[in-house]
Trainee: 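Below is a structure I'd like to ask you about.
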Amino acid sequence: QVQLVESGGGLVQAGDSLRLSCAASGRSISTYHMGWFRQAPGKEREFVAAISRSDGSTRYADSVKGRFTISRDNAKNTVYLQMNSLKPEDTAVYYCAADRANLYTIVRSTTRDYDYWGQGTQVTVSS
């Protein structure tokens, strides 16, 4: 129903910042909870952050809490992930995902709960 395209990844040094964008098309993101996941080589895809479709409440993985901020601009149909104080262990392919949850569902952190996915953008953090 919705197509997602991530951008903004790149190669940075530890301590630097990046802002990832997830541009949606085909359907408004206002009807979805939106999330960011990441996958490092040889690792399972893991939850990073998510934001509610309704009240804007957010949820973060412990590993990024205080450093990353997820936000959404429904008018631009875009979701963002501001990443500060990046660490080498943040290196991964970052994926944007949409969860077609109802208005009463809290933001989710499990891969299986998300219905639509982008192709990912590479983030590499060097020491």
Side-chain angles (χ1 to χ4, degrees):
Q1 288 289 124
V2 63
Q3 293 76 50
L4 306 172
V5 179
E6 303 94 336
S7 63
L11 173 62
V12 298
Q13 294 183 334
D16 286 352
S17 298
L18 278 176
R19 191 190 195 197
L20 305 183
S21 297
C22 173
S25 61
R27 195 161 183 166
S28 174
I29 62 170
S30 65
T31 61
Y32 303 94
H33 292 338
M34 300 298 296
W36 286 95
F37 293 76
R38 67 187 183 186
Q39 187 167 24
K43 302 288 187 178
E44 292 186 353
R45 189 169 300 184
E46 66 175 356
F47 170 77
V48 176
I51 186 166
S52 171
R53 61 175 289 194
S54 54
D55 62 2
S57 62
T58 57
R59 184 173 181 177
Y60 296 93
D62 289 341
S63 60
V64 306
K65 191 172 298 182
R67 298 189 297 121
F68 291 9
T69 303
I70 186 172
S71 62
R72 66 194 301 158
D73 188 335
N74 288 349
K76 296 181 179 179
N77 218 28
T78 301
V79 180
Y80 305 96
L81 183 68
Q82 178 66 47
M83 305 185 295
N84 298 328
S85 302
L86 283 163
K87 305 174 181 179
E89 49 263 45
D90 295 319
T91 296
V93 176
Y94 283 72
Y95 297 90
C96 178
D99 173 12
R100 56 185 182 189
N102 62 49
L103 291 171
Y104 310 105
T105 304
I106 62 172
V107 290
R108 298 167 168 179
S109 61
T110 304
T111 302
R112 62 180 293 180
D113 290 326
Y114 285 77
D115 304 290
Y116 306 101
W117 295 82
Q119 64 183 13
T121 185
Q122 176 71 49
V123 173
T124 303
V125 184
S126 63
S127 60

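Note: hydrogens, waters and symmetry copies are ignored here, and every other heavy atom, side chains too, is used. Residues take their numbers from the sequence shown, with the count starting at 1.
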Trainee: Is it true that the side chains of Thr78 and Asp73 contain a donor and an acceptor less than 3.5 Å apart?
Mentor: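 No, because no side-chain N or O of Thr78 sits under 3.5 Å from a partner of the opposite role on Asp73.
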Trainee: Tell me, do Arg45 and Trp117 make a side-chain contact under 4.5 Å, heavy atoms counted?
Mentor: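 Yes - at least one pair of side-chain heavy atoms lies under 4.5 Å apart.
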Trainee: Linking I/L/V/M/F/W/Y whenever their side-chain heavy atoms sit closer than 4.5 Å, directly or via other members, would Ile70 and Leu4 fall into one cluster?
Mentor: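 Looking at the clustering, Leu4 is in the same group as Ile70.
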Trainee: Any chance you could measure Tyr116, atom OH, to Tyr32, atom OH, to the nearest 0.5 Å?
Mentor: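 The OH atom of Tyr32 is 5.0 Å from OH of Tyr116, to the nearest 0.5 Å.
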Trainee: Not counting sequence neighbours, which residues clear salt bridge (charged side-chain N to carboxylate O under 4.0 Å, His left out) with Asp90? List them please.
Mentor: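 Only Arg38, Arg67 meet the salt bridge (charged side-chain N to carboxylate O under 4.0 Å, His left out) criterion with Asp90.
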Trainee: Report whether Met34 and Tyr94 are members of the same hydrophobic cluster (ILVMFWY, side-chain heavy atoms less than 4.5 Å apart, transitive linking).
Mentor: yes
Trainee: Which pair of heavy atoms, one from Ser127 and one from Pro88, lies closest together, and at what distance?
Mentor: CB-CG, 4.0 Å
Trainee: Looking at every non-hydrogen atom in both residues, tell me the closest pair between Gly9 and Val123 and how far apart they are.
Mentor: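 Here Gly9 and Val123 meet closest at CA-CG2, 4.1 Å.
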Trainee: Val107 versus Ser52: any side-chain heavy-atom pair under 4.5 Å?
Mentor: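 Touching, per the 4.5 Å side-chain cut-off.
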Trainee: Could you tell me whether Arg108 sits above the aromatic face of Tyr114, with NZ or CZ closer than 6.0 angstrom to the six-membered ring centre and within 45 degrees of the axis?
Mentor: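 Verdict for Tyr114: no cation-pi partner in Arg108.
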Trainee: Which heavy atom of Ser25 sits nearest to which heavy atom of Asn77, and what is that distance?
Mentor: N-ND2, 4.1 Å
Trainee: If you measure from CD on Gln82 to OG on Ser71, what distance do you get to the nearest 0.5 Å?
Mentor: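 Answer rounded to 0.5 Å: 8.0 Å.
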Trainee: What heavy-atom pair brings Val93 and Gly120 nearest, and what distance separates the two atoms?
Mentor: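 Looking at all heavy atoms of both residues, the closest pair is CG1-CA, 3.8 Å.
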Trainee: Just do the side chain to side chain contact (heavy atoms under 4.5 Å, CB included) check on Tyr95 and Thr121 with the steps written out, would you?
Mentor: CA-CA 7 Å; Tyr95 297 90; Thr121 185; over 6 Å; no
Trainee: Above 12 or not: heavy atoms from other molecules or residues under 6.0 Å from CD1 of Ile106?
Mentor: no
Trainee: Might you confirm whether atom CD of Glu89 has over 12 heavy atoms from other residues, nucleotides or ligands at distances under 6.0 Å?
Mentor: yes
Trainee: Under a 3.5 Å distance rule, please check whether Ser28 uses its side chain to pair with a backbone N or O of Ser30 as donor and acceptor.
Mentor: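 A pair under 3.5 Å: yes.
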Trainee: With distance as the sole test, does Arg72 use its side chain to make a donor-acceptor pair with the main-chain N or O of Ile29 at under 3.5 Å?
Mentor: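 Yes, Arg72 side chain to Ile29 backbone: donor-acceptor pair under 3.5 Å.
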Trainee: Following the transitive rule for hydrophobic clusters with a side-chain heavy-atom cut-off under 4.5 Å over Ile, Leu, Val, Met, Phe, Trp and Tyr, establish whether Leu18 and Val125 coincide in one cluster.
Mentor: yes
Trainee: Is there a path from Val12 to Leu20 through hydrophobic residues (I, L, V, M, F, W, Y) whose side chains come within less than 4.5 Å of each other?
Mentor: yes
Trainee: For Arg19 and Met83, indicate whether the former's side chain and the latter's backbone hold a donor-acceptor pair under 3.5 Å.
Mentor: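 No; judged by distance alone, with no hydrogens or angles, the pair does not exist.
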Trainee: Under 4.5 Å between any side-chain heavy atoms of Asn74 and Lys76, yes or no?
Mentor: no
Trainee: Is it true that atom CD of Gln119 has more than 12 heavy atoms of other residues, nucleotides or ligands lying nearer than 6.0 Å?
Mentor: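 At most 12 heavy atoms, drawn from other residues, nucleotides or ligands, come within 6.0 Å of this atom.
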Trainee: Counting distance only, does the side-chain N/O of Glu6 pair as donor-acceptor with the main-chain N or O of Cys22 below 3.5 Å?
Mentor: no
Trainee: Using atom types as modelled and distance alone, determine if a side-chain donor or acceptor of His33 lies under 3.5 Å from a backbone N or O of Ala97.
Mentor: no
Trainee: Which atom names give the shortest non-hydrogen contact between Arg59 and Phe47, and what distance separates them?
Mentor: O-CZ, 3.4 Å
Trainee: To the closest 0.5 Å, what do you measure between OG (Ser126) and CG (Asp16)?
Mentor: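 Answer for the OG-CG pair, Ser126 versus Asp16, is 8.0 Å.
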Trainee: Should Leu86 and Phe37 be counted in the same cluster of Ile, Leu, Val, Met, Phe, Trp and Tyr side chains packed under 4.5 Å apart?
Mentor: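 No; Phe37 is not reachable from Leu86 via cluster members.
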Trainee: What heavy-atom pair brings Tyr60 and Ala49 nearest, and what distance separates the two atoms?
Mentor: CD2-CB, 3.6 Å
